[in-house]
Each structure stands twice: as structure tokens, then as C-alpha cells.
Amino acid sequence: AQRVTQPEKLLSVFKGAPVELKCNYSYSGSPELFWYVQYSRQRLQLLLRHISRESIKGFTADLNKGETSFHLKKPFAQEEDSAMYYCALSGHGFGNEKLTFGTGTRLTIIP
Amino acid sequence: DAGVTQSPTHLIKTRGQHVTLRCSPISGHKSVSWYQQVLGQGPQFIFQYYEKEERGRGNFPDRFSARQFPNYSSELNVNALLLGDSALYLCASSPQGTSYNSPLHFGNGTRLTVT
């Protein structure tokens, strides 16, 4: 069974401070990991995925297979980062490509 | 940019009734997926269709069914509605059938309330 755990429902960080949103996963195989974000009154959208190894809006995430984690990090928080963040994983192959989401973390940046 | 469109945006139904939710994918996208999001939870996978064939099914009862049409639009049907079916139903499309190299584009969802 595949599972994604986001231990923090709420996270408040001061503007300019570092941000880390935690994500742990369980999957018997080699998963693909994603972070999706939902800003206020907007639709759910892809922030980044581990296979791209890219930095989007200053956010990065490293897949740690030993700790089965995919934490999202940003060195200096900005007010526009306030949003709902979901970690998600998918498998490979026919019938395994669904996304399994965590329960989400609401990030609030304090001015 | 014509993103994924869903209709209706809001719906109120009574227990025991059935409901049909509709989704139009982004032009050129051949895969449509449906997710249920209960308040306070992340989206939960219901179905995926690719090229009009079911490619995946989540852990939902047979009261839930879906189909994809030749123009790649999709319908989600729920029969014998229960109070617990109250949720935001999200549709997502992607160019191909795989999630990892073909990221999902979500619609704004249909808010279903069952009374």
C-alpha cells in the first residue's frame, strides 16, 4: 500500500525565515514524488517533482530514499508563499499511476 | 488559457439520489482523472481514464462510476448518495496516461453537498 504522511497541518513562519514542510512516504518500489500547491481561491497546481530536480519559486525538495522523505524547503520565506501544500506520490506501470496525496500543510507567512 | 473545466460548481442533493458531474479536459489532453476531497483531507483517487478506457480505479464502492467520451470529456456518476459523499470532486487532465512524466492539471472542482 502507498501512503503519504504530512505531520504538520499548520505551519507559521516569519517572512525571511527558512521554511521546511515535511513529507514522508511508504511505497514498495521506486515512487515518483511531487509537491502540489493551492493558493487562495486558485486551483490545485504542480509546484515541483523530484524527477525534474528543479527549483520553482525558490523551493527545492530532495528525495531521501533511506529516510523515505521528500521535504520541501525554501531558504527565505515570502508572503506570497502562504498556501496549502500537498505532497503526493505515484507508482509506475499500468494501474499504478494514480496520485496518492498527503493531508496537506497550511503554510502561513507572518509579515 | 482554457484550463480544465468542471460543471456544475456547486450541487445540493438528497440522500438516495444520484448525481452526474462533468469535466472537460485541456485541449489535447487524453487522460482524465477524478479525485474526491473531503474537508480537511488531501484528494483521494477515484478513477483514471485514458483514451476512453479505464486505467485505474480507487477504493470506492460500485455506486461510483465514470466514463470518457470520444472528445475526451468525462462524467462521474454517483448513485444512492450518502451523507459521506459530501465533498469536493476534482477532475484532472494530462496529455498522457502516466502521472510522473505527464503532470496533472486540476479543475476548480464541484462542491457536492448531500443532505
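All chains are named by letter (A, B, ...) in the order of the sequence lines, taking the proteins before the strands, and each is independently numbered beginning at 1.
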Proximal component of B:Gln37, with respect to chain A [non-hydrogen, under 4.5 Å]: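 For B:Gln37, the contact with chain A is made by the side chain alone.
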Ring centroid separation A:Tyr36 to B:Phe106 under 6.0 Å: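 Yes; B:Phe106 has its ring centre under 6.0 Å from that of A:Tyr36.
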Reported CG-to-NE2 distance for the pair A:Leu46 and B:His105, which is rounded to 0.5 angstrom: 8.0 Å
Is atom [atom1] of [X] surrounded by more than 12 heavy atoms (other residues, nucleotides or ligands) closer than 6.0 Å?
X	atom1	value
A:Glu67	CD	no
B:Asn59	CG	no
A:Phe76	CZ	no
A:Glu79	CD	yes
B:Lys30	NZ	no

Donor-acceptor pair, side chain of B:Arg55 and main chain of A:Lys98, under 3.5 angstrom: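 Such a contact is absent between B:Arg55 side chain and A:Lys98 backbone.
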Any side-chain heavy-atom pair of B:Pro43 and A:Leu99 under 4.5 Å: no
Over all atoms of both residues, closest heavy-atom pair of A:Gln42 and B:Asn108: C-OD1, 4.5 Å
Evaluation steps, ring pair (Phe, Tyr, Trp, His ring centres under 6.0 Å), between A:Phe101 and B:Tyr35: CA-CA 10 Å; A:Phe101 286 86; B:Tyr35 287 79; 5.7 Å; yes
Test side-chain hydrogen bond (donor to acceptor under 3.5 Å, both in side chains) applied to B:Trp34 - qualifying residues, sequence neighbours left out: B:Ser74
